[in-house]
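Please read the structure below before turning to the comments.
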Amino acid sequence: MNPVLHVENLTTIATRRGVDNTVVDGVNLSLPAGGSLAIVGESGAGKSMLIRSILGIHPPGVSMRVSGRVMLDGHDMLSLRGRAHRRALARSVGMVHQDPLRSLNPTFRVGTQLTEALSFAGSGGGRRGRTARAIDAMREVGFRSPDVESRRYPHELSGGQRQRIGISAATLTEPALLIGDEPTTALDVIVQKRVLDLMDEMRERTGASLLLVTHDLGVAAERCDEIVVMRAGKIVEAGRTTTMLSAPTHPYTRSLLESIPRLDGPRPHRLPTPAEGALS
Ligand SMILES: Nc1ncnc2c1ncn2[C@@H]1O[C@H](COP(=O)(O)OP(=O)(O)OP(=O)(O)O)[C@@H](O)[C@H]1O
């Protein structure tokens with residue numbers, strides 16, 4: 001079976017104020033249809049830049065030169081431009097952000113945002129059909145009175161409810177790939193578990209594959225079949241979760257594992273920074 005995402009030798013040079021920085025350095029990875037892959041690494045490792053490079057979404061004010069190959073759900077992403085690129089993203093990718101307020105428009109009711117997402121992805125059924133689908137989708141993510149709640153603005157919902165709308169919006173069009181970009185970092189552990197459970201449930205329902213970006217190796221291990229570990233733009237280790245946890249080969253992965261706080265173990269040490277050069 002073809003992988004839903006296949007990345008070959010992806011390299012990104014970001015230029016800001018005339019200074020070049022290789023933020024993604026020769027990355028290769030493959031995610032099978034229905035599978036789950038976590039990208040872990042400390043802050044600045046290049047996780048966000050990798051996702052941006054895969055999706056072709058560049059931060060404002062930064063020029064990014066991306067080379068290599070990205071096949072996503074049959075789309076040759078690096079060759080797409082303009083409307084074709086936006087359509088491919090809308091059809092094939094759903095994204096859950098750390099802060100759902102970033103992805104929701106504060107000036108539109110949440111129900112309208114869901115129907116607009118359906119419309120943009122080319123979903124049929126007319127206006128009425130799309131509204132009914134949006135209401136159903138809200139019910140699927142646990143809203144009890146979606147007729148009423150769909151008329152609320154994002155700021156009128158709680159943080160947990162907004163994240164549920166975020167997950168609903170990301171899975172509504174049944175994309176082949178669901179990306180969680182630190183989706184639970186800002187949440188307490190109880191809500192964190194609920195959000196991750198809901199993402200798993202929606203994946204089961206739609207058959208989507210999961211690419212989970214996290215600095216939390218514990219979350220990665222619990223939710224994903226495979227893990228890649230990034231450091232300074234490169235993948236330093238990749239493999240099945242069980243293998244990596246029981247027999248990590250790279251010193252950096254071992255340090256990440258040792259830095260997970262445990263109730264029964266010694267207090268973890270701070271990881272050395274790349275500049276300290278203790279690991280390579
Ligand atoms: N807008 C930008 N312009 C230029 N370089 C950037 C920009 N954003 C990040 N970088 C650089 O890209 C590299 C990778 O950063 P990135 O944000 O991808 O790391 P990350 O692993 O996602 O970290 P975090 O977990 O903190 O989000 C870093 O060296 C960073 O300084």
Side-chain angles (χ1 to χ4, degrees), residues 5 7 9-29 31 37-68 70 72 77-78 89 93 95-103 163 166 170 177-187 192 195-196 199 210-224 226-238 244 250-253 255-257 259-261 268 270-280:
L5 175 67
V7 172
N9 197 24
L10 190 66
T11 298
T12 302
I13 299 170
T15 309
R16 191 164 46 177
R17 296 192 200 105
V19 180
D20 283 353
N21 187 7
T22 305
V23 291
V24 177
D25 197 351
V27 164
N28 296 295
L29 57 86
L31 173 57
L37 175 76
I39 301 172
V40 302
E42 66 195 352
S43 189
K47 306 180 297 293
S48 305
M49 283 299 192
L50 173 60
I51 299 298
R52 283 178 174 282
S53 306
I54 289 171
L55 300 181
I57 301 172
H58 300 183
V62 182
S63 115
M64 280 168 66
R65 271 171 289 148
V66 184
S67 60
V70 176
L72 198 171
M77 293 301 286
L78 300 191
L89 287 181
V93 182
M95 188 117 177
V96 181
H97 295 278
Q98 179 175 335
D99 175 7
L101 279 180
R102 250 188 67 195
S103 47
Q163 195 55 298
L177 179 65
L178 181 63
I179 299 180
D181 187 4
E182 303 273 10
T184 57
T185 303
L187 306 171
Q192 193 175 76
V195 165
L196 291 168
M199 284 176 71
L210 174 69
L211 190 61
L212 182 66
V213 177
T214 177
H215 60 262
D216 187 334
L217 198 50
V219 167
E222 194 184 303
R223 304 285 165 167
C224 292
E226 294 191 41
I227 298 179
V228 301
V229 179
M230 277 193 89
R231 188 159 214 251
K234 288 187 171 50
I235 290 184
V236 295
E237 186 155 5
M244 196 176 293
H250 196 278
Y252 178 59
T253 314
S255 304
L256 273 183
L257 278 168
S259 69
I260 298 175
R270 179 180 67 79
L271 289 177
T273 64
E276 285 167 343
L279 303 167
S280 57

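Residue numbers run from 1 in the order of the sequence given. Numbering of ligands and ligand atoms starts at 1, following listing order.
Under a 4.0 Å heavy-atom criterion, Arg52 is not in contact with ligand 1. Within the structure, ligand 1 has Gly46 among the residues with a heavy atom less than 4.0 angstrom away. Not close to ligand 1: His215, with no non-hydrogen atom less than 4.0 angstrom away.
Here atom 17 (O) of ligand 1 lies nearest to Ser48 when heavy atoms of Ala45, Ala232, Ser63, Ser48 are compared.
Defined by atom type and a distance below 3.5 Å, a donor-acceptor pair is missing between the side-chain atoms of Glu42 and His215. Using modelled atom types and a 3.5 Å distance limit, the side chains of Asp25 and Thr11 yield no donor-acceptor pair.
Side-chain contact between Ile39 and Leu211 is present, with at least one heavy-atom pair separated by less than 4.5 Å. Inter-residue side-chain proximity for Val93 and Ile179 is flagged as met; some heavy-atom pair is nearer than 4.5 Å. Inter-residue side-chain proximity for Val40 and Leu212 is flagged as unmet; no heavy-atom pair is nearer than 4.5 Å.
Residue Val23 places no N or O, backbone or side chain, under 3.5 Å from any N or O of ligand 1.
Counting heavy atoms closer than 4.0 Å to ligand 1, residue Met49 contributes atoms from both its backbone and its side chain.
Across all non-hydrogen atoms, the minimal contact from Val228 to Ala238 is CG1-CB, 3.7 Å. Summarising the geometry of Met64 relative to Thr12, their closest heavy-atom pair is CE-CG2, 3.6 Å, with the distance given to 0.1 Å. Here the closest heavy-atom approach between residue Ala170 and residue Leu178 is recorded as CB-CD1, 3.8 Å.
For atom 9 (C) of ligand 1, the nearest protein heavy atom is under 4.0 Å away.
Protein heavy atom at the shortest distance from atom 25 (O) of ligand 1 is Lys47 NZ, 2.9 Å. At the top of the distance list for atom 24 (P) of ligand 1, counting protein heavy atoms only, stands Ser43 OG, 3.7 Å. The shortest contact between atom 28 (C) of ligand 1 and any protein heavy atom is with Gly44 O, 3.8 Å.
Remark: ligand 1 atoms within the under-4.0 Å shell around heavy atoms of Arg16 are 1 (N), 2 (C), 3 (N), 4 (C), 5 (N). Set against the non-hydrogen atoms of Asn21, the atoms of ligand 1 under 4.0 Å away are 29 (O). Within ligand 1, counting atoms from 1 as listed, the ones closer than 4.0 Å to a heavy atom of Glu42 are 21 (O). The distance from ligand 1 to the heavy atoms of Val62 drops below 4.0 Å at these ligand atoms: 1 (N), 2 (C), 3 (N).
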Query - salt bridge (Lys or Arg N to Asp or Glu O under 4.0 Å) assessment of Asp181 paired with Lys47 - result: CA-CA 9 Å; Asp181 187 4; Lys47 306 180 297 293; over 6 Å; no
